[in-house]
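Below is one structure, written out as structure tokens, with a few remarks after it.
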Amino acid sequence: MLMPKRYHIYEEDEIVSLAGTTADNRVRIEEFLSHESALLSMHNYAAWADLLTDDITYIVPRRVSRKRGRGEAEFEELMAHFDDNAATMAIRIKRLCESTALWAEDPLSRVRYHHSNMRMRQLESGNDNANEWLVVYNLLIVRNRGDQPDSDLLSAQRQDVLRETSTGFSLAKRLVLLDHAVIGAHNLSFFV
Amino acid sequence: MDAKVDGVDGFEAIRQQVENGFMPLHVYNDQQVFDAELRKIFAKTWNFLGHESEIPQPGDYVTRFIGPDSFIVSRAEDGQIRALFNACTHRGMQVCNNEGGNTQEFLCPYHGWVYDSAGELRGVPHQRDIYGAEGFDRSQNGLINIRLANFDGMLFGCMDPEAESFEEYLGDFAWYLQLITRRSGAGLKVMGAPQRWVANADWKLGYDNFVGDGYHTIVSHQSALEGGALPFEGAEFLKYGIQINAGKGGLGLAEVPPVEGGGWPAEIFAGIEQRLTPEQGLIYGMGGGPVYLPGHGGLFPNFSFLNAASALEIGGPPIPYLTFRVWRPIAPGRVEIWSWCLVEADGPPEFQEASYRGYALSFGASGVLEQDDTENWTSISLVAKGQMAHQLALNYTMGMKSGVEPLADWPGPGTAYPTDYLEENSRKFYQQWITYLMA
Ligand code: FES
Ligand SMILES: [Fe+2]
């Protein structure tokens, strides 16, 4: 039995060919993502969870180093550093909010999310009650912790799908296409 | 107690401490120890390279490591799998600088020598003109093959032509590995490429933890319990588990959570009586006793496995998952962790996917259990670098004076103890470790 493909990577020409956005929408979407990442930096996971849709998928696939020119897939479909839906996300968030034994995050990591080169396009998948937006942008995460002088760096392209209803935006899909085959950090105790 | 590792005398001092259940802290971050480990352990032992399901088709290959040494694990056109030293015989260039794929040939980018997927040298640019018509024998200049063993699909390589066969090396531990590899008639298959990440931690700490540390779960992984990923009442289940050492390996068994079939779809076990001996079957409750997960364990020097279970929703049932590990030594106090997720190849796709997702939630760099494990090992390795690490011998004596006795009627080989809160497997590991270092 063939399982449906677990995520879709938007190719550059696909992104370019989708309808663009207005300056007004750009401001609102950038504002939302800045707020969303600020909550993560503050470790306010309870508030952050409120920004996720009930059908959220959050996938950070394993990137594989390939020989160029052979067209071999660089991202694994069934191996990822995060592969979460709302139910497993609820486990991660309950742990972060309620546990008194978060050894990997005591002291807390200082995690800064840098967004750039942002494009956003409205998707057909919306309906009368909700618009859906594809937001593609570069991500640089700097994590420092304790009194260690060195920081962990993670660089990626994010492909988010935001859903906009009368109450505002929420995050429906997050696909993080890492630039790393081997992760240069001892853990990912923060969201990417 | 303050022995610097200085030739044989230093190792003899360590050996005596290990004998008494103590482990000098500096060995987790010490250049001399590390160099000796590469030379006397990793160059002499059988090392896990991967699983045959990673390279199912002719031409498929993956690049793997034993310490700093790189090997192409390749399935050639003849269908046979080989482990080829990833170094051109001309100047030592890597002939493969990616993680895997499918190819007919490996072209060296320096001067263009071409090797096929069996490692045979097929082409040398201008060969006749520069070496003469008879002056060069291509058949003598192929990539170096190292020894390769295939145990129910698990691939192990050994760099030492003189070392014992894999069967001898594995010894009694085969009985226990088969519990995992033969659960399904179709065997295991990998779910994608192994995760890889690095930590400033010593390779031995990961192995030690997986082979014998049932004790840390309740404290280190309290948060996984509180979050709901570990679907149990408490995290003390391993206290009532069984710890076994056999041959060059060891493991801990825990009774599976009380759910139908241990959480595996029943069809996976179909015909298991033909694949396991009646004694092995007892572990899976085939004699009417309790069903055990072959929970955690490893094979010397740095292969580990974990067969545990995760919930996929708060309050949800436990879903079993399986991970294989290699703790690749990179430098003193630095390891690259390789972590595979495997499933029974003929299991229902929905179960395979659920099992993988439970693995990804619990283990790997982001795992709600594992993120706390690497935190521990990183801290230890940092401390091990200092001078005081030569004054502290770590206490590995758990079970030496508690009166715990081996189980008299245990059906399997090796020695089994009626608790997994025990440091016997760790002591055995370090005894093997120091024996190799002193050989
Ligand atoms: S180094 Fe490979 S061809 Fe010369
Ligand atoms: Fe652990």
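Residue numbering restarts at 1 for every chain, and letters A, B, ... go by the order of the sequence lines. Being a predicted model, the structure only gives us computed values, none of them experimental.
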For the residue pair [X] and [Y], establish whether any side-chain heavy-atom pair is separated by less than 4.5 Å.
{"X": "L78(A)", "Y": "E353(B)", "result": "yes"}
{"X": "Y356(B)", "Y": "M79(A)", "result": "yes"}
{"X": "E99(B)", "Y": "R62(A)", "result": "yes"}
{"X": "E226(B)", "Y": "R95(A)", "result": "no"}
{"X": "V182(A)", "Y": "V198(B)", "result": "yes"}
{"X": "T88(A)", "Y": "R357(B)", "result": "yes"}
{"X": "Q222(B)", "Y": "T100(A)", "result": "yes"}
{"X": "V368(B)", "Y": "R92(A)", "result": "yes"}

If I measure from the heavy atoms of chain B, does [X] come under 4.5 Å with its side chain, its backbone, both, or neither?
{"X": "A185(A)", "result": "backbone"}
{"X": "R68(A)", "result": "neither"}
{"X": "R70(A)", "result": "side chain"}

Indicate the atoms forming the closest heavy-atom contact of [X] with [Y], along with that distance.
{"X": "R66(A)", "Y": "G101(B)", "value": "NH1-N, 3.7 Å"}
{"X": "S366(B)", "Y": "H81(A)", "value": "OG-O, 2.5 Å"}
{"X": "A87(A)", "Y": "L312(B)", "value": "CB-O, 3.3 Å"}

W103(A) side chain vs V219(B) backbone, donor-acceptor pair below 3.5 Å:
yes
What part of [X] gets closer than 4.5 Å to chain A, counting heavy atoms only: side chain, backbone, both or neither?
{"X": "Y359(B)", "answer": "side chain"}
{"X": "A224(B)", "answer": "backbone"}
{"X": "N102(B)", "answer": "both"}
{"X": "E336(B)", "answer": "side chain"}

Within 6.0 Å of OH in Y113(A), more than 12 heavy atoms from elsewhere
yes
So H186(A) and N200(B), side chain to side chain contact (heavy atoms under 4.5 Å, CB included) or not? Walk me through it.
CA-CA 7 Å; H186(A) 75 295; N200(B) 288 324; over 6 Å; no
Note: vs chain B, highest number of non-hydrogen pairs under 4.5 angstrom among I93(A), D84(A), N85(A) is N85(A)
Max heavy-atom pairs within cutoff under 4.5 Å with chain B, candidates F190(A), F82(A), F191(A), goes to F82(A)
Determine the option with the most heavy-atom pairs under 4.5 angstrom with chain A, choosing from A365(B), A199(B), C96(B), A311(B).
A365(B)
